[in-house]
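When a residue number appears, it is its place in the shown sequence, counting from 1.
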Amino acid sequence: MSRQGEPGVSVRWDEGYRAFHAGTVEDVRFVVARIPAEAKDNFDYAAVPWDRFHHSYGPGTDVPAALEQVRTGDERGVRMAFHRLWSSLLHSDTGCAAGALAVPFLIRIALTRADYRAEILAGLAGLARRQHYGDGSRTGLLRAARADDQLVFEASGYLGNWSVQAAREALAADAGLLLPLLDDPDPEVRQDVAHALAAAAGPCGTIVRSLHARLRVEDDPMVRACLVLAIGQLAWEERHPAAIEQMRTWWQDPSRPTEVRMCAALSWLCLTDGPIPGDLRAFLDAAATGDLAALLGRIPWMLRVDYEGDGLRRCLDQMYHPEKYPHFTSCLD
């Protein structure tokens with residue numbers, strides 16, 4: 001069994017750790033699932049054992065103060081609190097156990113701080129996903145978590161797989177609070193909430209139906225792209241046949257906007273195996289114009305592939321030529 005903190009790194013790991021601590025107060029999934037609803041709604045941070053779980057710089061005991069500053073502070077205080085939060089909880093775009101504990105509170109803060117809503121949602125999405133290292137491959141673009149036998153460890157030595165799963169389950173538990181934000185007047189918020197909801201641990205039928213409903217009325221091209229990728233991602237783990245057929249229908253439909261067809265094609269490739277069909281390859285080559293690459297390069301999925309804005313082309317290259325990127329498939333298969 002391997003531990004993987006980055007592509008190509010592998011060491012032996014003793015299965016006894018997980019067997020001994022799973023389902024106990026040392027398991028962040030267990031702890032997050034049992035935070036009382038009243039504590040979450042009333043921002044009762046004292047109900048959470050922050051000292052037991054760490055972030056990149058030590059125990060999570062300093063997280064409540066930063067969360068409260070984000071919730072109630074003025075602009076200068078909020079910016080300072082965000083700096084502390086993201087550098088600790090999402091250091092190098094990698095989540096942690098203390099970050100998973102913060103997810104229920106961040107969800108509720110996002111509802112009250114419209115001025116920082118998009119940033120909070122982006123942070124939630126990061127906490128509920130593995131570190132991608134630029135992985136836009138067919139096996140990686142829509143993958144939120146690593147396989148159970150691909151163990152990742154945080155700076156504290158804690159099992160990062162559990163932290164990601166706890167954050168994903170926290171998003172699923174409180175998805176009902178986030179779904180109304182799909183109708184937020186700010187398109188950046190709509191993008192980021194779709195990205196966050198896509199990481200929720202299933203079953204997620206209500207989320208999927210809400211994404212479809214928003215897609216039917218959405219007029220912003222970038223948000224439409226995010227909605228399609230979110231629908232695809234929520235189908236990824238179970239490879240839902242209906243979703244696979246839906247994606248095929250969308251990319252083959254010339255009446256659909258190009259960004260919808262492109263993201264449906266990418267999702268279909270991620271949801272299926274085998275060679276790329278000739279007609280799909282022809283569509284991808286024709287549709288991947290500079291204008292579309294610039295548009296999609298700014299959506300969250302593509303920014304994780306390339307922060308410089310060339311995510312679509314890098315993604316297509318990884319899907320066309322997986323043999324050039326063996327470090328991605330070796331980490332995930």
Side-chain angles (χ1 to χ4, degrees), residues 37 40-41 70-71 102-129 141-142 144 167-238 240 242-243 246-247 249-251 253 256-264 266-267 270-271 295-304:
K40 294 189 287 187
D41 293 340
V70 169
R71 186 172 80 92
V103 166
F105 300 107
L106 286 168
I107 288 172
R108 287 158 176 79
I109 294 171
L111 302 180
T112 64
R113 294 298 309 239
D115 46 348
Y116 297 103
R117 186 168 291 157
E119 180 169 349
I120 295 170
L121 292 168
L124 286 168
L127 290 168
R129 281 176 170 81
L141 179 66
L142 300 183
R168 295 183 67 205
E169 291 172 359
L171 278 173
D174 285 323
L177 298 177
L178 294 176
L179 289 174
L181 298 182
L182 289 169
D183 298 320
D184 193 275
D186 184 349
E188 185 178 2
V189 169
R190 300 200 299 274
Q191 286 183 61
D192 288 328
V193 75
H195 192 221
L197 287 167
C204 297
T206 300
I207 298 176
V208 173
R209 288 189 291 273
S210 297
L211 293 169
H212 276 278
R214 182 66 219 180
L215 182 60
R216 287 193 288 271
V217 299
E218 182 58 59
D219 59 2
D220 185 281
M222 291 173 64
V223 180
R224 285 197 295 254
C226 289
L227 292 168
V228 173
L229 289 172
I231 293 167
Q233 181 164 326
L234 288 167
W236 190 88
E237 290 178 348
E238 301 297 328
H240 296 300
Q246 180 73 82
M247 294 300 168
T249 299
W250 283 348
W251 75 254
D253 183 357
R256 296 260 170 192
T258 304
E259 72 278 356
V260 169
R261 297 183 68 194
M262 174 61 73
C263 291
L266 296 176
S267 296
C270 292
L271 292 168
L295 176 79
L296 295 184
R298 303 195 303 276
I299 68 173
W301 279 267
M302 294 303 162
L303 286 171
R304 292 179 71 84

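Contact annotation: the side chain of Pro300 approaches that of Cys226 to within less than 4.5 Å [non-hydrogen atoms, C-beta and beyond]. Inter-residue side-chain proximity for Met222 and Pro187 is flagged as unmet; no heavy-atom pair is nearer than 4.5 Å. With contacts defined as side-chain heavy-atom distances shorter than 4.5 Å, the pair Arg129/His195 qualifies.
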Take Leu229 and Ile299 through the test side chain to side chain contact (heavy atoms under 4.5 Å, CB included) and record every step on the way to the result. CA-CA 10 Å; Leu229 289 172; Ile299 68 173; 3.7 Å; yes
Leu171/Leu178 under side chain to side chain contact (heavy atoms under 4.5 Å, CB included): CA gap, chis, key distance, verdict: CA-CA 9 Å; Leu171 278 173; Leu178 294 176; 3.8 Å; yes
Begin from the C-alpha positions of Arg190 and Leu182 and carry the test side chain to side chain contact (heavy atoms under 4.5 Å, CB included) through to its verdict. CA-CA 5 Å; Arg190 300 200 299 274; Leu182 289 169; 5.7 Å; no
Show, in sequence, the C-alpha distance, side-chain angles and deciding distance for Lys40 and Ile107, and conclude whether the side chain to side chain contact (heavy atoms under 4.5 Å, CB included) test is met. CA-CA 9 Å; Lys40 294 189 287 187; Ile107 288 172; over 6 Å; no
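Between Asp183 and Arg214 a salt bridge is recorded (basic side-chain N to carboxylate O distance below 4.0 Å). Looking at Asp184 and Arg117, a side-chain N of the basic residue comes within less than 4.0 Å of a carboxylate O on the acidic one, giving a salt bridge. A salt bridge links Arg108 to Asp174: one of the charged nitrogens lies within less than 4.0 Å of a carboxylate oxygen. The pair Glu218-Arg224 does not count as a salt bridge, with every side-chain nitrogen at least 4.0 angstrom from each carboxylate oxygen.
Checked by atom type and distance alone, the side chain of Glu188 never pairs as donor or acceptor with a backbone atom of Ala118 at under 3.5 Å.
Considering all non-hydrogen atoms of both residues, Met247 and Leu271 come closest at CG-CD1, 4.2 Å.
Checked by atom type, the side-chain pair Arg209/Thr206 shows a donor-acceptor distance below 3.5 Å.
Atom OG in Ser210 sits 12.5 Å away from atom CG in Leu215 (nearest 0.5 Å). Note: Leu181 CG to Leu111 CG = 6.0 Å, rounded to the nearest 0.5 Å.
Using bins of under 30°, 30° to 60° and over 60° for the plane-to-plane angle, the ring pair His212/Trp250 lands in the tilted bin.
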